[in-house]
Amino acid sequence: MRDFYGVTLPSALMLGTARYPSPAVLEAAFRSSGAAVATVSLRREQGQGGAFWDMIRELGVRVLPNTAGCHSAREAITTAQMARDLFDTPWIKLEVIGHADTLQPDPFGLLEAAEALAADGFEVFPYTTEDQVLAQRLLDAGCKVLMPWGAPIGSGLGLNNRYGLRMLRAAFPDVPMVIDAGLGLPSQAAEAMEMGFDAVLLNTAVAEAGDPAAMARAFALAVEAGAAARAADPMEPREMASPSTPLIGKGWL
Amino acid sequence: MSDVTVIGAGVAGLFAALELSRRGLAVRLIDRGGGPGAHGCSWWAGGMLAPDCEGATAEPQVARLGATAAAAWAPITPVTRRGTLVLAMPRDRAELARFARRTSRHREIVPAELEPELSHHRTGLFFEAEAHLDPRRALSDLVRALAARGVTVETAEADPADIPGPVIDARGLAAGLPDLRPVRGEMAVLHAPGIRLSRPVRLLHPRHPLYLVPRDEGLFMLGATQLESASRAPVSARAALELLSAAYALDPRFAEAAIVELGADLRPAFPDNIPRILVRGRVLHLNGLFRHGYLLAPALARQAADHILTRTRGELVHED
């Protein structure tokens, strides 16, 4: 597995920490899945999420603070700085939202913030689209990881643009990439891993499942299956049927 | 001479005090504000007695323990038993199906059959067994019921350690218990005398779920955000926008409503969001009612009284 800023993770599953029925259920989801990373939002807690953040720290997994809900580079940079102080980590999942309805990233604000944060010593995980030009610019800005979306945040639509994602994966074969946002089902996570992505990050699909711990476990299994399939060099699809048992030589009855 | 001292005149403390008094104990009641008020989070509640709807996200215990809440409140304060109406905007119809799957004791209805003024909504879910009350009225009715039994509220900042005998600590976040965390909530009260709704309405929305509880004299309580934050800052512009937009989506006539009140406070909650009776020697902590203060205070009070009188270990009791 490719590493993330020098860190090799024990699982390719990353989970968000919002929208669970309770912190106890959140903890159960992490325990049952073995997810390696917890993303945490800081924006709406007005800097006072202390008790909840303590619980996240106590999960014993790596924390990836995010700038969810930020609509400008400036806002995202301020939030990132606050996150670094609070969680004592250079990691930041950079989200700069460009559209209120689709929550799609604002590529211009994203690049501006990524440049500033990387120069300031942050290890940036930019939430981006499958756009290759933007990907290159983010890498040029100092990002060593990319987080292309599967589909709009919280939509559960899965991998919306397989062609674009395949092209992105092929264009930057050595860059660690996490499919972030839009996954609704474990099969979609497995597919992302089969396509060669290094990890998946999701929140709503688990947090709003009827049984979040069971769904988190299902995603963990899917991610493992997808990664194993990728490593096993899957067959290429072909048009012509190819029987697994030879026909020649079978006697006519 | 009192048999037991209750600290905190929020919904948990008042209900426990009344329960203990009814069971024959001499109760002393202390509150830092001299009675229920804006200093306690019970003041800012919606007052829905909605065990079935809460079951969509809460642990099954909440629905079970809350099932008798309306009956427990009825002798104390007016309880309106007209059920709960659950709606979703057309594009969020899937939310309604999911909510229906995760709850019980509901049926699909055409909203206008129940609330004629909501004729622009095509389908909804009706939770007939649910009820609601006016929280501030309920608090003052509890105070009145206690006064009738000779229990009045003393004004003091009390520490359980300084008080002799059995103590019920119902101070909410001020009790400073380990694992107890604040969950910020923001609400609004609107005055819209032209709008007639007779029961709580919940609007399911992927981003901004909302409930609206009708109160007397054309008032509506709009609630409530749920943030993992300890901030006691006034209602944020974002929260106000979300609440008001959702109300507007529910019925555009709310655009003309007067905003009577915007309030924010912190709900005390344990990690599983279920209230606890923590037994610490002679002190019983009644805490962590989260968003279920009015729904679960009767069960919490009952189990606390059982523990004090007969050492019964109810399911909410946690002994060290």
Side-chain angles (χ1 to χ4, degrees), chain A residues 16-31 38-59 65 68-71 75 82 86 97 100-103 152-157 182 184 203-205 207-213 215, chain B residues 54-62 91-92 94-95 98-103 173 176-184 186 204-209 225-239 241-242 245 264 266-276 288 290-292:
Chain A
T17 54
R19 293 168 167 257
Y20 289 80
S22 70
V25 174
L26 182 157
E27 190 187 345
F30 272 84
R31 298 270 172 268
T39 58
V40 191
S41 138
L42 276 79
R43 183 79 182 88
R44 293 199 66 184
E45 281 66 33
Q46 300 168 312
Q48 304 216 34
F52 182 69
W53 295 335
D54 285 344
M55 288 179 185
I56 303 294
R57 286 190 198 94
E58 284 162 18
L59 290 172
C70 292
H71 287 258
E75 226 183 321
M82 195 168 90
L86 276 166
I97 297 302
D101 206 34
T102 62
L103 299 178
I153 297 171
S155 66
L157 292 170
N203 187 347
T204 311
E208 295 195 356
D211 183 341
M215 188 59 86
Chain B
E54 288 300 309
T57 52
E59 300 289 338
Q61 247 178 319
V62 171
R91 76 170 191 177
D92 305 324
E95 303 287 327
R98 187 175 65 155
F99 197 83
R101 260 195 336 265
R102 294 191 184 165
T103 50
L173 286 168
L177 295 172
D179 286 343
L180 193 68
R181 75 186 198 288
V183 182
R184 177 175 161 93
E186 292 148 299
L204 305 179
H205 186 281
R207 286 191 211 168
H208 316 306
T225 59
Q226 207 166 295
L227 299 174
E228 295 286 348
S229 171
S231 168
R232 289 189 182 273
V235 177
S236 69
R238 177 207 291 264
L241 281 167
E242 287 175 2
S245 313
L266 304 177
R267 317 169 177 96
F270 288 109
D272 55 6
N273 291 344
I274 295 174
R276 292 180 188 175
F290 184 48
R291 52 181 275 159
H292 302 129

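All heavy atoms count here, side chains included; hydrogens, waters and symmetry mates do not. Just so we're on the same page: letters track the sequence lines, and every chain starts at 1.
Residues B:T57 and A:S22 have side chains not in contact (no heavy-atom distance under 4.5 Å, counting atoms from C-beta outward). A:E27 is not listed as a side-chain neighbour of B:P271, based on a closest heavy-atom distance of 4.5 Å or more.
With chain B as partner, the option from A:D101, A:D54, A:T204 having the largest number of non-hydrogen pairs under 4.5 angstrom is A:D101.
Closest non-hydrogen pair, A:A51 versus B:R181, comes out as CB-CB, 3.5 Å. B:D179 and A:M55 make their closest contact through O-CE, 4.3 Å (heavy atoms, listed as atom of the first residue, atom of the second, distance). The two atoms that bring B:E228 and A:P23 nearest to each other are OE2-CG, 4.5 Å, heavy atoms only.
Between the side chain of B:R98 and the main chain of A:E208, a donor-acceptor pair closer than 3.5 Å is present.
Contacts between B:E59 and chain A at a heavy-atom distance below 4.5 Å involve the side chain alone, from C-beta outward.
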